[in-house]
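Order of listing sets the numbers, starting from 1, for every ligand and every atom in it. FYI, the numbering just counts along the sequence from 1.
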Amino acid sequence: MTKTAHPSRSPATHTGKGGETHQTAGGETPVMTTQQGLAISDDQNTLRVGPGGPALLEDFHFREKIFHFDHERIPERVVHARGYGAHGYFELTDSLADVCRADIFGRVGERTPAFVRFSTVAGNKGSADMVRDVRGFAVKLYTQQGNWDLVGNNIPVFFIQDAIKFPDFVHAAKQAPDRDFPQAQTAHDNFWDFVSLSPEATHMVCWAMSDRAIPRSFRFMEGFGVHTFRLINAEGRSTYVKFHWKPRLGLQSVVWNEALKINGADPDFHRRDLWQAITSGNFPEWDLGVQLFDDEFADGFAFDILDPTKLIPEELVPVRRVGRLVLDRMPDNFFAETEQVAFCTQNIIPGIDFTNDPLLQGRNFSYLDTQTERLGGPNFTHIPINAPKCPFHNFQQDGHMAMHNPRGRANYEPNSWSQPAGGPRESTDGYRSFAQEQSGPKLRQRSESFADHYSQARQFFISQTPVEQAHMRDAFVFELSKVETPAIRARMVSHLLHVDPGLAEGVARGLGLSPLPQPAAAARPVLTGLGPSAALSILKNGPDSFEGRRLGIIVTDGVDATLLAALRKAAEAVGATTELIAPTVAGLHDSAGNELVAQQKINGGPSVLYDAVALLPTVEGANLLRHEATMRDFIADAYAHAKFIAHNDAAELLLAAAGLHPKARDEGVIALEKPKDAAEFIQTCAALRLWARETRAQAV
Ligand code: HDD
């Protein structure tokens with residue numbers, strides 16, 4: 001764009017750089033212009049013939065504004081439509097140079113810019129965050145050798161073994177085509193019909209029915225590259241690798257009843273959580289872990305390492321932590337970055353290579369293809385969020401919205417004009433595929449080595465704590481109760497009989513299904529010798545502090561200033577945050593006369609939004625609040641969801657109103673008698689939940 005002088009405008013609005021028109025320079029307010037740079041005198045009224053006359057076609061400003069608005073939407077992703085991203089960096093802490101020649105793994109301490117997008121899979125772009133679903137964990141690393149995308153999930157296995165089944169799987173999981181519901185959930189006939197007809201899905205279905213599918217925060221979930229990839233070192237030697245992201249703050253999920261309520265109270269729960277953490281300087285962090293193994297291990301392993309419905313237990317191949325991923329900046333603009341970012345499994349760098357996993361090979365086609373459709377043409381790599389941050393050069397040209405085009409005469413190679421700079425690199429730093437020997441007949445045939453569909457599902461189940469196993473059983477019962485066709489429910493239970501008879505019987509009981517169906521035909525006997533793996537449980541991998549968690553404090557006008565200050569101080573000391581919930585958000589003071597601002601009015605801040613709660617009303621406040629239904633729900637839910645509850649004397653009225661008379665309470669309901677009790681309470685909260693309460697309730 002040409003720079004034009006205009007006395008009434010700030011120079012910053014004339015730079016011609018995309019995305020800067022909303023900015024001001026030196027505090028000046030920029031003048032609004034059309035897309036052509038013409039200053040606008042009136043943006044509120046169309047051009048008409050007299051005040052009551054018809055609008056004029058001549059009104060180019062009106063037409064340009066409406067035209068652009070009409071074209072604001074692009075197609076949403078066919079899966080993973082709802083997502084939220086953030087910028088950050090990867091820092092290497094342990095060199096992998098012995099096994100990998102990738103630059104990013106060579107120099108300890110070096111930082112590589114990263115962009116991460118978390119997502120749900122089934123729901124549309126506007127669906128709620130806390131649905132039961134797999135979460136996408138897609139990482140773009142802008143390395144000095146090109147972009148490397150690790151497009152993973154928060155679950156280490158997948159539903160299907162061959163990419164050709166992906167459209168069927170996704171069709172079955174999303175809304176039924178005739179009625180266009182249900183939205184963002186798998187609790188319907190089509191999904192359970194498909195997975196119960198696809199025994200290979202059983203392992204992943206068990207993960208999806210576990211609490212992994214309702215994470216408390218993106219910050220508290222693991223990520224997995226899922227497939228086996230290859231690392232290639234400087235000598236060309238290949239080592240197999242599985243990638244893991246381990247959250248520094250430990251794993252945590254919510255309970256299902258809580259999830260249902262969070263979706264109503266705050267459909268943006270996960271987005272808001274990430275936004276609040278990053279904008280307040282509490283940058284989430286994950287360790288990058290690698291499981292490295294060779295052909296000898298692969299040959300001796302009970303499953304095929306190319307089968308994406310299987311994982312490698314960490315007890316067999318330990319996870320080596322080699323770096324950290326830190327997210328420290330939110331995008332300036334959601335659309336420009338989070339919506340337009342294009343991840344692609346085929347974006348790899350020298351030192352990393354694919355394997356013959358048939359799911360991975362199919363993905364390598366799908367991502368580029370879908371992005372051409374979604375982002376409107378082949379030049380989406382020119383969008384800043386997708387462009388590499390290292391130098392790049394080729395002779396690809398033209399097409400819609402081409403921003404980078406070859407300069408000069410040479411737009412082909414070899415040529416006599418731009419050599420030696422313009423051709424491919426034959427030296428060692430160019431990308432070369434691992435030269436694996438291949439031979440065999442062309443067939444459409446699933447490998448025999450992919451035929452065991454139940455052994456690892458069983459191993460996953462027995463690795464869970466009793467609380468987690470009960471959650472899985474309840475999730476199966478919930479979902480299958482929404483299935484209208486009895487034969488589908490029974491078919492699913494016929495698979496669960498191979499996973500664990502107790503699980504199958506519990507689910508059948510919950511469904512009122514009797515007698516039990518026959519076990520499904522199994523191609524291979526279940527390997528009952530696979531022992532539990534602690535790494536597969538969330539509760540065995542929780543945090544040992546309340547750091548990063550949120551305490552909700554009920555206050556009323558005149559709240560005890562010393563106790564409130566002690567509670568907030570104790571929470572902050574361990575890196576937790578607090579929110580005040582009150583009858584009104586403003587107009588409050590503590591007992592010392594300090595003005596307080598509450599973050600939530602009582603009916604907008606239910607306890608499901610918090611990891612633990614404290615009740616600090618005054619006697620007058622408690623008398624008022626005990627008549628409030630949302631106050632009673634606040635306490636009853638916190639108790640039912642096994643949360644720790646602290647309270648002062650005046651809160652006795654509220655606890656009683658919620659049915660929690662002294663005899664009905666347990667050790668998780670804690671009286672704060674003096675300010676020093678606050679620190680002890682926060683320490684107790686490190687356990688996150690009093691699971692014994694849930695177990696007792698289940699016994700009843
Ligand atoms: Fe996929 C998006 C993860 C199998 C086809 N996938 C997508 C995203 C994630 C994953 C995290 C969102 C990326 C973003 O935030 O923009 N997908 C996975 C994992 C898989 C998997 C971990 C199995 C291990 N996917 C898979 C298969 C196919 C696809 C087998 C097709 C054959 N996935 C797509 C897609 C999407 C996508 C249609 C939709 C939007 C996009 O790619 O850019 O191409």
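Below 4.0 Å from some heavy atom of His227 lie the following atoms of ligand 1, by number and element: 24 (C). Under a 4.0 Å criterion applied to the non-hydrogen atoms of Phe343, ligand 1 contributes the atoms 13 (C), 14 (C), 15 (O), 16 (O). Interface atoms of ligand 1 facing Val78, defined by a heavy-atom separation under 4.0 Å, are 38 (C). Close contacts of ligand 1 with Leu359, meaning ligand atoms under 4.0 Å from a residue heavy atom, involve 23 (C), 24 (C), 30 (C).
Here the heavy atom of the protein found nearest to atom 16 (O) of ligand 1 is Arg77 NE, 2.8 Å. Regarding atom 43 (O) of ligand 1, its nearest protein heavy-atom neighbour is Gln371 NE2, 2.9 Å. Of all protein heavy atoms, the one closest to atom 14 (C) of ligand 1 is Arg117 NH1, 3.2 Å. Nearest protein heavy-atom neighbour of atom 41 (C) of ligand 1: Thr370 CG2, 3.4 Å.
Applying the 6.0 Å contact sphere to CD of Glu72 captures more than 12 heavy atoms from other residues, nucleotides or ligands. Dense packing is recorded around CD of Gln397, with more than 12 heavy atoms of other residues, nucleotides or ligands lying under 6.0 Å away.
The heavy-atom pair separating Ala451 from Ala523 by the smallest distance is O-CB, 3.9 Å. Looking at every heavy atom in both residues, Asn153 comes nearest to Gly136 through OD1-CA, 3.4 Å.
Distances shorter than 4.0 angstrom do not occur between any heavy atom of Lys165 and any atom of ligand 1. Contact analysis puts Gly152 in contact with ligand 1, with a non-hydrogen atom separation below 4.0 angstrom.
In terms of the ring pair (Phe, Tyr, Trp, His ring centres under 6.0 Å) criterion, residue partners of Trp256 (sequence neighbours excluded) are, by chain and number, Phe478. Legend: residues meeting ring pair (Phe, Tyr, Trp, His ring centres under 6.0 Å) with Phe118, ordered by chain and number and at least two apart, are Phe137, Phe218, Trp286. Applying the ring pair (Phe, Tyr, Trp, His ring centres under 6.0 Å) test to Tyr142 and every residue at least two apart in sequence or in another chain returns nothing.
Not a single N or O atom of Ser119, backbone or side chain, sits closer than 3.5 Å to an N or O atom of ligand 1. Considering both main-chain and side-chain atoms, Asn153 never comes within under 3.5 Å of ligand 1 through any nitrogen or oxygen pair.
Salt-bridge formation is detected for the pair Asp287/Arg321: a Lys NZ or Arg NE/NH1/NH2 atom is positioned less than 4.0 Å from an Asp or Glu carboxylate oxygen.
Between His404 and Phe392, the distance separating the two ring centers is shorter than 6.0 angstrom.
Screening Lys242, Glu314, His244, Arg320 for a side chain to side chain donor-acceptor pair (under 3.5 Å) involving Gln291 leaves a single residue, His244.
Only protein N, O or S atoms were scored, and 1 of them lie under 2.8 Å from atom 1 (Fe) of ligand 1.
Classified by interplanar angle (parallel below 30°, tilted 30° to 60°, perpendicular above 60°), the ring pair Phe229/Phe243 is tilted. Ring-plane geometry between Phe297 and Phe301 is classed as parallel, the angle between the planes falling under 30 degrees on a 0 to 90 degree scale with a further cut at 60.
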